[in-house]
Amino acid sequence: MNLRENAMAIYNREQPDFYGDLMDAIVLVPDPVLMGDMCPQDGLEHKDSWGTVYVYKPGAPGPHPRVNSENAVIKDIEKWEEQLTVPDLDHLDWTLVKEEAAKVDRREKFVGFMCAGGLFERSHHLMGMEEALVNYLEYPDEMAALLRVIADYKIKYIKMVAEQIHPDIIFYHDDWGSKQNVFLPPRVWRQIIKPLQKEIADTIHACGMIYMHHADCICQPIVTDMVEIGVDIWQGTIAQNDIVEIQRVTEGKLAMVGGIDGPKVDIENITEEEIRAEVRRAIDTYCPGGRFYPSIPNGICFREWNNSIVMDELHSYGRKYAQEHPIGKYPG
């Protein structure tokens, strides 16, 4: 099997040659919006197309918003319509995106398109995390109206992406929690975010694409909602979730990518065997439930030696486990 065939075998509950990270089978092509918004890694403040201030520090894994009361795009949620300018999508340059997508042999790998800045993330990037959390609770109608506009922007963009390159997978990013819990009370998330997120999922599916949602955080309180919305794959499933229980309550309807406890193994003063043991634990514990791709939820260990051990064990034990635990195709 090639990488795509092996990934689809796991997805369809068929016998794979090996268990491993689904991301190895995906080629992410450039996002013209993200390319335009990416700030230089100079530690200085830069605004993106929505007006949010970001800082990309030297040595950091990526840029982060630096939002305060002075520079927030939305300073008063009751006046958000006056303060928000939605970026233009009609004059993007798709040349590089098309070129990169055309290079991918789709018989071998999937073309993936990263759709960053989901509804929740964009909302707190516009006003700051504390303000956003308060506003979700105290001004739910205003937040719902704001997210309606953001959702319309996302839906329009997804349709444009489908028309321009038709990726196999939309890799949609929106972290809905921390490593301790979801950010919003589930009832608030269900009231404001869930209906709009379902519209986004329906758009992805109507365009004939797979919806893979990245959230490397706790999502356990809303996993059945994720199934109802239409999330096909949850990428970023951290071990702080009870993954076995999630597999049970979702009845195998939610494929998952993750399970290896990255922060546990991405540290100094850890032995090779301790790293390998964590990889084997994830495979032994979660792969029996089916439709599971063991990996580090955030992608890699940032320490090169640690990452090399994780990858080596994942490749060797992932193949060994598949050979020693054959499965047959069955409905589910």
Side-chain angles (χ1 to χ4, degrees), residues 1-28 61 104-112 168-169 171 179 210 212 214 216 232-244 246-247 252 254-330 332:
M1 290 184 182
N2 61 36
L3 290 173
R4 178 170 179 145
E5 291 167 343
N6 194 81
M8 287 307 300
I10 295 173
Y11 189 80
N12 293 324
R13 292 184 177 274
E14 297 168 351
Q15 177 63 37
D17 287 345
F18 62 90
Y19 289 93
D21 191 351
L22 174 60
M23 299 306 296
D24 292 341
I26 301 172
V27 177
L28 291 176
V104 181
D105 184 348
R106 299 200 190 203
R107 296 168 299 181
E108 299 282 337
K109 290 188 174 184
F110 303 96
V111 170
D168 303 291
I169 295 172
F171 189 26
K179 285 182 169 55
I210 293 172
M212 180 164 71
H214 167 84
D216 53 345
D232 298 305
I233 305 169
W234 172 17
Q235 191 282 329
T237 313
I238 62 172
Q240 285 71 25
N241 294 279
D242 186 341
I243 297 173
V244 173
I246 291 172
Q247 290 174 319
L254 183 64
M256 287 179 274
V257 186
I260 298 173
D261 194 340
K264 181 179 180 180
V265 298
D266 196 6
I267 57 174
E268 297 180 4
N269 303 317
I270 187 172
T271 67
E272 178 178 334
E273 179 49 39
E274 288 173 323
I275 295 175
R276 293 185 183 277
E278 170 57 20
V279 175
R280 293 193 297 268
R281 179 203 65 80
I283 293 173
D284 289 339
T285 306
Y286 309 133
C287 287
R291 308 190 78 208
F292 194 85
Y293 303 87
S295 71
I296 297 175
N298 70 309
I300 61 170
C301 290
F302 293 105
R303 290 171 174 80
E304 186 176 350
W305 178 79
N306 303 53
N307 193 63
S308 68
I309 301 302
V310 169
M311 296 305 159
D312 182 72
E313 188 64 23
L314 188 56
H315 293 156
S316 59
Y317 191 70
R319 188 170 294 275
K320 181 174 184 288
Y321 182 92
Q323 293 170 348
E324 294 180 354
H325 299 81
I327 60 174
K329 184 176 180 179
Y330 58 92

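All values derive from a computational prediction rather than experimental measurement.
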Quick check for you: to the nearest 0.5 Å, what is the distance between [X] atom [atom1] and [Y] atom [atom2]?
X	Y	atom1	atom2	result
Asn298	Ile238	CG	CD1	10.5 Å
Phe171	Met212	CZ	CE	4.5 Å
Met23	Gln235	CE	CD	5.5 Å
Asp24	Phe110	CG	CZ	12.0 Å
Thr237	Leu254	OG1	CG	7.0 Å
His214	Ile233	NE2	CD1	14.0 Å

Taking [X] for the side chain and [Y] for the main chain, is one N or O donor matched with an acceptor at less than 3.5 Å?
X	Y	answer
Asp105	Arg107	yes
Gln247	Tyr286	yes
Asn12	Met8	yes

Which heavy atom of [X] sits nearest a heavy atom of [Y], and at what distance?
X	Y	answer
Asp17	Ala322	O-CB, 3.6 Å
Leu314	Ser295	CD2-CA, 4.5 Å
Ile327	Tyr19	CD1-OH, 4.1 Å
Gly299	Asp21	O-OD2, 4.4 Å
Cys301	Asn307	N-OD1, 2.9 Å
Arg4	Asn2	N-OD1, 3.1 Å

**Asked** Quick one: side chain to side chain contact (heavy atoms under 4.5 Å, CB included) partners of Glu278, sequence neighbours excluded?
**Response**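 Per chain and number, Glu278 pairs via side chain to side chain contact (heavy atoms under 4.5 Å, CB included) with Ile260, Asp261, Lys264, Val265, Arg281.
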**Item:** Results of side chain to side chain contact (heavy atoms under 4.5 Å, CB included) for Leu3 - residues two or more places apart only
**Value:** Phe18, Ala25, Lys109
**Message:** Once you measure the plane-to-plane angle for Tyr321 and Tyr317, does it fall in the parallel (<30°), tilted (30-60°) or perpendicular (>60°) bin?
**Reply:** tilted
**Asked** So does Glu324 have more than 12 non-hydrogen atoms from other groups sitting under 6.0 Å from CD?
**Response**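 Buried by this count: over 12 neighbours within 6.0 Å.
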**Within 6.0 angstrom of Glu304 CD, more than 12 heavy atoms from elsewhere** =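 Open: at most 12 neighbouring heavy atoms sit under 6.0 Å from CD of Glu304.
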**Asked** Partners of Asp242 by side chain to side chain donor-acceptor pair (under 3.5 Å), sequence neighbours excluded?
**Response** none
**Message:** Taking Glu313 first and then Lys320, would you say they form a salt bridge - that is, a charged N and a carboxylate O separated by under 4.0 Å?
**Reply:** no
**Item:** Test side chain to side chain contact (heavy atoms under 4.5 Å, CB included) applied to Ile275 and Trp305, step by step
**Value:** CA-CA 11 Å; Ile275 295 175; Trp305 178 79; 3.7 Å; yes
**Item:** Residue among Ile26, Val27, Val111, Ile210 satisfying side-chain contact (heavy atoms from CB on, under 4.5 Å) with Asp168
**Value:** Val111
**Message:** Check whether Tyr11 forms a cation-pi arrangement with Arg291 (NZ or CZ under 6.0 Å from the six-membered ring centre, at most 45° off the ring normal).
**Reply:**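 Yes, Arg291 sits over the ring of Tyr11.
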